[in-house]
Protein chains: 2
Amino acid sequence: MSVIYDRVALIGLGLIAGSMAHAMRRAGLAGEIVGTARSAETRAVAAEINLCDRITETAAEAVAGADLVVLAVPVGAMAAVAAEVAPHLAPGATVTDVGSVKREIIEAVGPHLPDAVHFVPGHPLAGTEHSGPRSGFAELFDNRYTLLTPVEGTDPGATAKLRALWEGCGALVEEMDAEHHDLVLAVTSHTPHLIAYTMVGVADDLRRVTDSEVIKYSAAGFRDFTRIAASDPTMWRDVFLSNKEATLEILGRFTEELFALQRAIRTGDGDHLHDYFTRTRAIRRGIIEAGQDTDAPNFGREPAKKDGPS
Amino acid sequence: MSVIYDRVALIGLGLIAGSMAHAMRRAGLAGEIVGTARSAETRAVAAEINLCDRITETAAEAVAGADLVVLAVPVGAMAAVAAEVAPHLAPGATVTDVGSVKREIIEAVGPHLPDAVHFVPGHPLAGTEHSGPRSGFAELFDNRYTLLTPVEGTDPGATAKLRALWEGCGALVEEMDAEHHDLVLAVTSHTPHLIAYTMVGVADDLRRVTDSEVIKYSAAGFRDFTRIAASDPTMWRDVFLSNKEATLEILGRFTEELFALQRAIRTGDGDHLHDYFTRTRAIRRGIIEAGQDTDAPNFGREPAKKDGPS
Ligand SMILES: NC(=O)c1ccc[n+]([C@@H]2O[C@H](COP(=O)([O-])OP(=O)(O)OC[C@H]3O[C@@H](n4cnc5c(N)ncnc54)[C@H](OP(=O)(O)O)[C@@H]3O)[C@@H](O)[C@H]2O)c1
Ligand SMILES: NC(=O)c1ccc[n+]([C@@H]2O[C@H](COP(=O)([O-])OP(=O)(O)OC[C@H]3O[C@@H](n4cnc5c(N)ncnc54)[C@H](OP(=O)(O)O)[C@@H]3O)[C@@H](O)[C@H]2O)c1
């Protein structure tokens with residue numbers, strides 16, 4: 001593939017920015033990749049593993065002369081970073097972000113940006129529970145969706161170019177309205193994360209009762225929850241605080257339905273339970289057909305190591 | 001390995017019994033494997049794929065002369081199956097089960113069994129969301145725990161022999177009290193399943209609002225939930241009805257904590273959220289160290305297929 005942007009500046013060098021650097025290099029999409037991060041430690045690691053072509057100490061230096069600037073910091077830090085880089089942006093540059101929430105970022109970042117730059121907010125629907133400059137890998141976005149939520153009046157050319165970059169990184173790209181994005185993600189990602197965190201917290205409380213058995217005998221179900229609940233606390237705090245309305249709306253529906261199932265258990269209403277559990281299977285089939293997960297019998301996981309404690 | 005039981009009778013030929021058949025054959029643990037299932041269809045499939053050495057039409061025929069009888073039907077069907085086979089059990093035989101709940105099964109099955117047989121309840125902590133005679137595979141139990149919950153007065157020799165069988169099937173075996181089993185499993189498996197079913201149900205309701213986007217953009221978190229919520233409805237109905245007390249107890253704690261997090265979101269209490277999310281990470285580390293899951297960056301999953309709809 002050929003170069004899409006001559007100079008890409010990555011602000012923040014964690015899982016997402018790092019994976020973008022790997023993926024852009026894999027396909028040769030950027031003339032130069034410049035990166036920066038808040039801490040000297042992260043910048044040093046990034047330099048050591050050669051994550052970017054150039055590491056700068058400040059965000060201001062990083063964005064100088066860049067035709068694409070990617071804000072890849074926690075949602076709550078986007079506004080401050082935007083304010084910091086704004087005076088140094090090249091006219092005609094595109095600014096994008098990778099935050100997991102869109103409406104609040106648009107409201108927080110947009111006002112800082114000069115008229116001469118294009119703002120095209122984005123969100124790659126891909127991640128792991130790992131973070132930091134060493135956690136990225138080129139394949140992260142392959143066949144996963146990246147959603148762009150351009151605001152009214154955004155230059156279609158700027159959006160098309162950013163789309164081409166994400167497609168070059170392996171992603172399937174779609175555009176949608178920011179509010180709609182936030183609702184869909186509240187259902188598919190934010191509320192499930194909150195629930196997983198809660199369940200793992202309950203288990204943690206019970207360790208006094210059950211000793212370490214909750215860990216030792218962790219079965220399918222809980223094991224998946226613990227992976228979700230190992231995600232970065234700062235990232236998720238910011239997600240919930242900034243997608244407050246949609247998350248609370250979905251949580252309300254969730255507790256309503258949970259109470260109905262709880263009552264069915266209490267009263268021994270097996271038919272209600274059976275009907276409910278039958279209905280939910282169809283969604284799984286849809287996801288497998290959409291190619292967004294595998295149907296492998298062992299979930300495609302590696303077998304655990306024989307030498308684990310017994 | 002050498003033969004542990006001369007004749008093993010499998011009552012029910014689904015995921016668990018099928019996997020036991022494959023695993024026993026892999027290690028040569030049974031002189032003869034006899035199987036039976038409720039429906040002619042399942043028996044025909046089992047015969048077609050040569051799952052057992054012999055398939056019988058009735059459970060009574062299957063257990064005749066068997067020195068190990070494995071009840072591998074849904075929890076709610078255990079009592080009826082036990083009553084059916086009881087008059088035909090060979091004196092000195094061991095009866096075990098693989099049900100996901102233990103106290104209720106002991107109470108429901110125990111009274112039917114003659115004094116001359118040993119009853120050693122068991123539960124392999126291994127499963128997938130698939131079911132039926134074609135879903136089993138020999139590796140299912142490898143490095144996973146199987147818990148035995150022998151009742152007071154059980155012959156230690158009978159327990160030791162069953163332990164050897166499970167170890168031969170690749171499992172790590174532990175013994176514990178049935179009540180304790182039911183509490184630990186309520187935390188690590190039963191309540192997480194109920195929660196996953198609920199969240200997927202909520203998403204299903206919202207499909208009218210979000211069209212098929214909930215499926216299309218299903219992200220980590222929700223995607224894991226859908227796999228859990230694709231498990232067999234009959235099995236899970238029975239689990240919740242028969243581990244009612246422990247499940248309701250854990251659900252009560254869960255809603256308490258969820259409400260506290262919900263309030264923190266509503267009031268913007270980021271510190272509460274951050275502290276909570278930090279605490280839950282430790283549990284994940286414990287599970288990986290215990291060898292019960294992988295830390296692979298892509299969760300060890302196969303990449304999705306490129307030809308999925310976009
Ligand atoms: N992880 C996922 O699953 C995922 C998926 C899709 C989108 N996202 C979004 O992607 C963004 C980055 O996430 P990530 O997973 O890449 O995070 P990460 O691995 O934790 O990296 C975050 C980066 O942001 C920097 N940073 C943190 N706080 C900052 C602050 N207050 N001011 C300036 N810089 C700060 C960090 O610098 P130091 O290293 O110097 O601390 C680090 O370089 C977030 O907005 C998140 O919502 C994440
Ligand atoms: N799946 C898991 O993840 C898992 C894990 C650990 C333990 N368990 C336990 O293992 C047991 C079996 O589960 P499985 O996953 O192997 O189930 P499965 O694949 O659905 O197979 C169930 C078997 O039981 C038979 N059966 C169903 N209802 C019956 C009834 N009322 N009377 C007599 N036979 C009946 C079925 O016969 P037909 O095929 O003829 O209908 C089938 O052969 C359950 O007690 C479950 O709690 C399951």
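Each chain gets a letter, A, B and so on, in the order the sequences are listed, and its residues count up from 1. For clarity, every value in this text was computed on a predicted model and none was experimentally measured.
- In this structure, B/L241 CG and A/L273 CG are separated by 5.5 Å, a value rounded to the nearest 0.5 Å.
- Closest heavy-atom contact between B/T188 and A/V214: CG2-O, 3.5 Å.
- Taking CD from A/Q262 and CZ from B/F240, the interatomic distance works out to 11.5 Å, rounded to the nearest 0.5 Å.
- Of the atoms belonging to A/R266, heavy atoms from both backbone and side chain fall under 4.5 Å from chain B.
- For a residue to count as touching a neighbouring chain, one of its non-hydrogen atoms must lie under 4.5 Å from one of that chain's; by this rule A/H274 touches chain B with backbone and side chain alike.
- For A/Y276, the part lying near chain B is the side chain, with the backbone staying farther off; criterion is any non-hydrogen pair under 4.5 Å.
- Ranked by heavy-atom pairs under 4.5 Å with chain B, the list A/A264, A/A260, A/A230 is led by A/A230.
- Listed for the A/R284 side chain is a donor-acceptor partner under 3.5 Å among the backbone atoms of B/R223.
- Per-residue counts of heavy-atom pairs under 4.5 Å with chain A were compared for B/M176, B/H190, B/R285; the largest is that of B/M176.
- Considering only residues two or more places apart in sequence or on other chains, B/R163 meets the side chain to side chain contact (heavy atoms under 4.5 Å, CB included) condition with B/L148, B/E167, B/V173, B/E175.
- Remark: A/E245 CD is loosely packed, at most 12 non-hydrogen atoms of other residues, nucleotides or ligands lying under 6.0 Å away.
- Taking B/D232, B/T255, B/T226, B/L194 one by one and counting their heavy-atom pairs under 4.5 Å with chain A, the maximum is reached by B/T226.
- Under the 30°/60° scheme for interplanar angles, the aromatic rings of B/Y197 and A/F277 are found to lie parallel.
- Taking a cutoff of 4.0 Å between a charged side-chain nitrogen and a carboxylate oxygen, B/R279 and A/D204 qualify as a salt bridge.
- Atom NZ in A/K244 sits 9.0 Å away from atom CD1 in B/I265 (nearest 0.5 Å).
- Tested against A/Y217, the residues B/L172, B/V187, B/L147 include a single side-chain contact (heavy atoms from CB on, under 4.5 Å) partner, B/L147.
- No salt bridge links A/E129 with B/R281; every basic N to acidic carboxylate O contact stays at or beyond 4.0 Å.
- Considering only heavy-atom pairs separated by less than 4.5 Å from chain B, the leading option among A/D238, A/T278, A/D269, A/T247 is A/T278.
- For the pair A/I250 and B/L206, the minimum side-chain heavy-atom distance is below 4.5 Å.
- A salt bridge between A/D205 and B/R253 is absent, with no side-chain N of the basic residue lying under 4.0 Å from a carboxylate O of the acidic one.
- Between A/R237 and B/D275 no salt bridge is recorded (no basic side-chain N to carboxylate O distance below 4.0 Å).
- Judged purely by atom type and a 3.5 angstrom limit, A/T198 has no side-chain atom pairing as donor or acceptor with the backbone of B/E257.
- Of the two parts of A/L261, only the side chain, counted from C-beta on, holds a non-hydrogen atom closer than 4.5 Å to a non-hydrogen atom of chain B.
- Contact annotation: the side chain of B/T191 never approaches that of A/F222 to less than 4.5 Å [non-hydrogen atoms, C-beta and beyond].
- Proximity to chain B (any heavy atom under 4.5 Å) is shown, for A/T234, by both the backbone and the side chain.
- For A/L125, the part lying near chain B is the side chain, with the backbone staying farther off; criterion is any non-hydrogen pair under 4.5 Å.
- In this structure, OG1 on B/T280 lies 11.0 Å from CD1 on A/I228, to the nearest 0.5 angstrom.
- Ranking B/A196, B/G201, B/G286, B/G270 against chain A, the residue ahead of the rest is B/G201, based on heavy-atom pairs under 4.5 Å.
- Top candidate by heavy-atom pairs under 4.5 Å with chain A, chosen from B/I195, B/V200, B/I283, is B/I283.
- Interface remark: B/S231 contributes backbone atoms only to the contact with chain A (heavy atom separation under 4.5 Å).
- When each of A/S189, A/A126, A/A229 is scored by its heavy-atom pairs under 4.5 Å with chain B, the top score falls to A/A229.
- Taking the six-membered ring where the residue is Trp, A/F225 and B/F225 present parallel rings, their angle staying beneath 30° rather than reaching 60°.
- Contact annotation for B/S218: both backbone and side-chain heavy atoms come within less than 4.5 Å of a heavy atom of chain A.
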